[in-house]
Number of protein chains: 2
Amino acid sequence: MTETSTHFKVPVGSSEGAACLGPDGSVAHVTRTLQMINGRWKLPILFRLYAEPSMRTSQLKRDMPGISQKMLTQHLRELERSRLIERRDFGEQPPRVEYKLTEVGRALMPVLTAAKEFSIRHAA
Amino acid sequence: MTETSTHFKVPVGSSEGAACLGPDGSVAHVTRTLQMINGRWKLPILFRLYAEPSMRTSQLKRDMPGISQKMLTQHLRELERSRLIERRDFGEQPPRVEYKLTEVGRALMPVLTAAKEFSIRHAA
DNA sequence: CCGTATCCCAATAGATACTG
DNA sequence: CAGTATCTATTGGGATACGG
């Protein structure tokens, strides 16, 4: 099990009243998006890949002082599973692996920007 | 300590390279917003208060089967501290307390909607 | 009705060591 | 260089009991 699930699961069952309120079935959808970026280093990774066309594993690691190999790989895998980033293994020796944002990953940026704007304007 | 902080803290120090990438100092800001809604029952609560002008504690509890008194109160406190909701104690006997979204809370909705739209369009 | 206090468990993240 | 495997520490969430 290399999955990081957090507590951001949809409240209980499927047709729980809890999961389907707001405009419509909002909670579950919002939760799904938040899941994707929930993790200590997900945003730092995403923003880096947003700024650069692509980055090697070691570049990412150097850019984020404090992250461990384990957490880096783990979060990269999760972001990959979420289809936000793409992994490319060049099959060279020594190993060369690069990551880049997918179209989906780029489509997420407006959401993050909205969250950022909100923080700037309304946060204490 | 009644604070629920989760791991969504900004990566390490203050002027860490990690915290300030993207368009500008995005990570920290986005993180701050995500903090506010990070918690098992935060979204369910917010969406309920979005649908209703105000709700009593017991109403919220009834509407969210599975939530415990403890978690309800805890999350309500945190949302209050984040200025997303307002608490009103009528000082009656038996107790009567009502919660409602603040203006800030309403301002958050577009962000949640953006996240929801993203999920609908791009999630597997 | 509304809130607090405990105890417990599950899930994450960090540190460290090891492999191709 | 890139990734895996362990072990540990922390913490958020659930259950339960109690109090104003």
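Note on naming: letters A, B, ... go to the chains in the order of the sequence lines (proteins, then strands), and numbering restarts at 1 for each one. Basis for what follows: all heavy atoms, side chains included, without hydrogens, waters or symmetry-related copies. Here the structure is a predicted model, which means the values were calculated and not measured.
Between B:H75 and D:dG12 there is no side-chain polar atom (N or O) within less than 4.0 angstrom of OP1 or OP2. Taking only side-chain nitrogens and oxygens, A:W41 comes nearer than 4.0 Å to OP1 or OP2 of C:dG14. In this structure, A:R40 reaches the C:dG14 phosphate: one of its side-chain N or O atoms is under 4.0 Å from OP1 or OP2. Between D:dA2 and A:S58, a contact under 4.0 Å exists linking OP1 or OP2 to a side-chain N or O.
Computed from coordinates, the B:Q69 CD to C:dT6 P distance equals 17 Å when rounded to whole Å. Remark: C1' of D:dT4 and CZ of A:R77 are 10 Å apart, rounded to the nearest angstrom. At whole-Å resolution of the value, CZ in A:F90 and C1' in D:dC1 are 14 Å apart. Per the geometry, CE belonging to A:M55 stands 15 Å off C1' belonging to D:dA2, to the nearest Å. The interatomic distance linking B:Q74 (CD) with D:dT16 (C1') rounds to 15 Å, in whole Å. As a whole-Å value, the separation of B:I45 CD1 from D:dG13 P is 11 Å. With rounding to whole Å, A:M71 atom CE is found 13 Å from D:dT10 atom C1'. A straight line from CZ of A:R56 to C1' of D:dA2 spans 9 Å, rounded to a whole angstrom.
Of the two residues contacting DNA chain C, namely A:Q93 and B:R96, the nearest-nucleotide position lying further toward the 5' end is that of B:R96. With the nearest nucleotide of DNA chain D identified for both A:T73 and B:K70, A:T73 has the one nearer the 5' end. With DNA chain D read from its 5' end, the first of the two nearest nucleotides for B:I67 and A:Y99 is the one closest to A:Y99. In this structure, A:S68 and B:L76 both approach DNA chain C, and ranking their closest nucleotides by distance from the 5' end singles out B:L76.
Looking only at distances, no side-chain donor or acceptor of B:S82 sits under 3.5 Å from a matching main-chain atom of B:L84. The backbone N or O of B:R56 sits less than 3.5 Å from a side-chain atom of B:Q59, completing a donor-acceptor pair.
Scored by the side-chain contact (heavy atoms from CB on, under 4.5 Å) test, A:R88 finds A:F90 as partners (sequence neighbours excluded).
Side-chain contact between A:M64 and A:R48 is present, with at least one heavy-atom pair separated by less than 4.5 Å.
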Identify every side-chain donor-acceptor pair in residues 65-72 of chain A under 3.5 Å, counting partners at least two apart or on other chains, and give the distances.
from  : atom 1 : to    : atom 2 : distance (Å)
A:S68 : OG     : A:M71 : N      : 3.2

